[in-house]
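Both backbone and side-chain heavy atoms feed into the values below; hydrogens, waters and symmetry mates do not. Here is the naming used below: chain letters follow the sequence lines, and residue numbers restart at 1 for every chain.
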Number of protein chains: 4
Amino acid sequence: MKVAFDPNMPIYIQIMDFIKKQIITGQLQQGEKLPSVRDLAAELQTNPNTVQRALQELEREGIAEARRGMGRYVTHEGEKIMEMKRDMSKELISAFVSGMEALGVSEEEMLMLVQSALEQRKGEAR
Amino acid sequence: MKVAFDPNMPIYIQIMDFIKKQIITGQLQQGEKLPSVRDLAAELQTNPNTVQRALQELEREGIAEARRGMGRYVTHEGEKIMEMKRDMSKELISAFVSGMEALGVSEEEMLMLVQSALEQRKGEAR
Amino acid sequence: MKVAFDPNMPIYIQIMDFIKKQIITGQLQQGEKLPSVRDLAAELQTNPNTVQRALQELEREGIAEARRGMGRYVTHEGEKIMEMKRDMSKELISAFVSGMEALGVSEEEMLMLVQSALEQRKGEAR
Amino acid sequence: MKVAFDPNMPIYIQIMDFIKKQIITGQLQQGEKLPSVRDLAAELQTNPNTVQRALQELEREGIAEARRGMGRYVTHEGEKIMEMKRDMSKELISAFVSGMEALGVSEEEMLMLVQSALEQRKGEAR
DNA sequence: GTGGTCTAGACCACC
DNA sequence: GTGGTCTAGACCACA
């Protein structure tokens, strides 16, 4: 798996997002073992310390769990994962709505803009 | 005008947004004189260097213009302002749509989520 | 017997404490045979290596004794057991007193806090 | 100020405790500026990264606040500081009481042991 | 100057 | 082998 890091954002945050995405899409299941710090670092071509930090932050968020000498695992609590999804979508929506409001865009326009963006995507995907 | 800065984002970016918002809402008109660096710094209770940087960036974007010895002005070109609005809204939309897609949210759900968020806002604003 | 391990402390230390507690409460008597490494590991659902290490440390402290081919036994010397108790309580007291002192808590308050904690425990135990 | 680090505990935790103690004893006041990462590292003869980590953790606990380019400050919220003190004393008490209970020490004995430890301290201090 | 991030390399405790 | 911590040294964004 190739990942190109955006130089404008901390790499450790991008690693967190990368793993979260894998959990969301089911590539990583509840309770499944995560790759080791060293392996992930090799795969992502970053420093192990950076990966370590990303995983530790995920742990603080309750999404990962470390077991000494045994590696790290995705949390067993499905609730935590649902919570993560909810938080992410809430954040996306509120950023969008409040940003558009500041631009003076009406509600109808917002909905129309989203719809046309979606159609455009479909066109490109073909 | 009271402005609370988000400590997780560069202040100069937040100052740029603050001024852009004023242009969009018409509080600052096309070609109108902008407050001086010193005044803005006093009003926003920030370091003048930070304000300076924000205004310089706005100049780079073509939204502000400096006239030596006379201060800075909002650009006269209406086109620039329209462009700014368009860019901002495009960015907001694409961040929203691609983010939601990654979460596995369907198109219908996206529209519904936006709608319900808008209704909630109205409720709170009362 | 169910034991939940605190993930912030070495498991082998927790196993040592677990066994010490059993000796103190009399569930394990002076000179009694200790369960085998394999059995303990199965009971506690841990790695046998970890149990092995815990028992070795107990040996070093003079609390357990190994007899080749016959397993491990709680020491026969009652003195050793008393010593263990004394050490543990001394450590607990000095950690408590010096910690509270650093917090600026007066002697009277310390005693009162302990008393109220004890009463609360009784309430919960009901 | 000389500080000797206990090699059995993470240094960054000890730095956290060191600063907390200074806040508790009033050597650092609410809202006061903390020494910079580099200065503290020099003073404590440790690596700046280690200090950085300690301060970041304090921030997560709400005890310190960072302002970009301006340094770090003790939180302005007195409530947070009180909370910190309460947490620390609660932890000390429950560790003591539950530890003693496991040793089979009665309530009266606990209180007596604390009292005699306090008297001994006074004797030594003379 | 100040905090934030990153790399490289090392050592330790634990399993 | 696995996670956790630490050092040394560097670069960047920010004020």
Worksheet entry | Start and end of the DNA chain F segment that chain D contacts, any atom under 4.0 Å from a heavy atom |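 That gives a stretch of dT5(F) to dA15(F).
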Worksheet item: With a cut-off of 6.0 Å (strictly less than), are more than 12 heavy atoms of other residues, nucleotides or ligands near CD of E91(C)?
Response: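 Atom CD in E91(C) is not packed in, count stays at 12 or less.
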Worksheet item: Counting heavy atoms not belonging to K90(A), are there more than 12 under 6.0 Å from its NZ?
Response: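 No, NZ of K90(A) has 12 or fewer neighbouring heavy atoms, counting only those of other groups under 6.0 Å.
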Worksheet entry | Along DNA chain F (nearest heavy atom to each residue), the more 5'-positioned of I11(B) and I11(D) |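 By nearest-heavy-atom nucleotide position, the 5'-most residue is I11(D).
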Practice prompt. Nearest-nucleotide wise, let me know which of G69(A) and N47(B) is further upstream toward the 5' end of DNA chain F.
Written response: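 Looking at the nearest nucleotide for each, G69(A) comes out on the 5' side.
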Worksheet item: Nearest nucleotide by nearest heavy atom, which residue falls closer to the 5' end of DNA chain E, M70(A) or M9(A)?
Response: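 Whichever sits nearer the 5' end wins; that is M9(A).
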Item to complete: Please figure out whether I13(C) or Q14(A) has its closest DNA chain E nucleotide nearer the 5' end.
Response: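 Residue closer to the 5' terminus by nearest nucleotide: Q14(A).
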Is there a donor-acceptor contact under 3.5 Å from the side chain of [X] to the main chain of [Y]?
X	Y	answer
Q52(B)	V37(B)	no
E32(C)	Q29(C)	yes
E57(D)	M16(D)	no
R60(B)	L55(B)	no
T50(B)	T46(B)	no

Worksheet item: Taking DNA chain F as the partner, which of residues 48-65 of chain A come within under 4.0 angstrom of it by heavy atom?
Response: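 N49(A), Q52(A), Q56(A), in order of number.
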Worksheet item: Partners of R38(B) by salt bridge (charged side-chain N to carboxylate O under 4.0 Å, His left out), sequence neighbours excluded?
Response: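 Applying salt bridge (charged side-chain N to carboxylate O under 4.0 Å, His left out) to R38(B) gives none.
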Practice prompt. Quick one: do Q30(D) and I23(D) satisfy side-chain contact (heavy atoms from CB on, under 4.5 Å)? Show the steps, please.
Written response: CA-CA 8 Å; Q30(D) 220 177 97; I23(D) 295 174; over 6 Å; no
Discussion item. Taking any heavy-atom pair under 4.0 Å as a contact, classify R72(D): base, sugar-phosphate, or nothing.
Written reply: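 If one applies the 4.0 Å heavy-atom cut-off, R72(D) turns out to touch the sugar-phosphate alone, with no base involved.
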Discussion item. Test of understanding: with side-chain hydrogen bond (donor to acceptor under 3.5 Å, both in side chains), list the residues that count as partners of E101(B), not counting sequence neighbours.
Written reply: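 side-chain hydrogen bond (donor to acceptor under 3.5 Å, both in side chains) check on E101(B) returns R121(A).
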Item to complete: With sequence neighbours left out, write down each residue that passes side-chain hydrogen bond (donor to acceptor under 3.5 Å, both in side chains) with K80(C), or none if nothing qualifies.
Response: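 So K80(C) forms no side-chain hydrogen bond (donor to acceptor under 3.5 Å, both in side chains) with any residue.
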Worksheet item: Stems in DNA chain F: runs of 3 or more consecutive Watson-Crick or G-U pairs, distances under 3.5 Å?
Response: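 Counting only runs of 3 or more consecutive pairs, the stems involving DNA chain F are E:1-14 with F:1-14.
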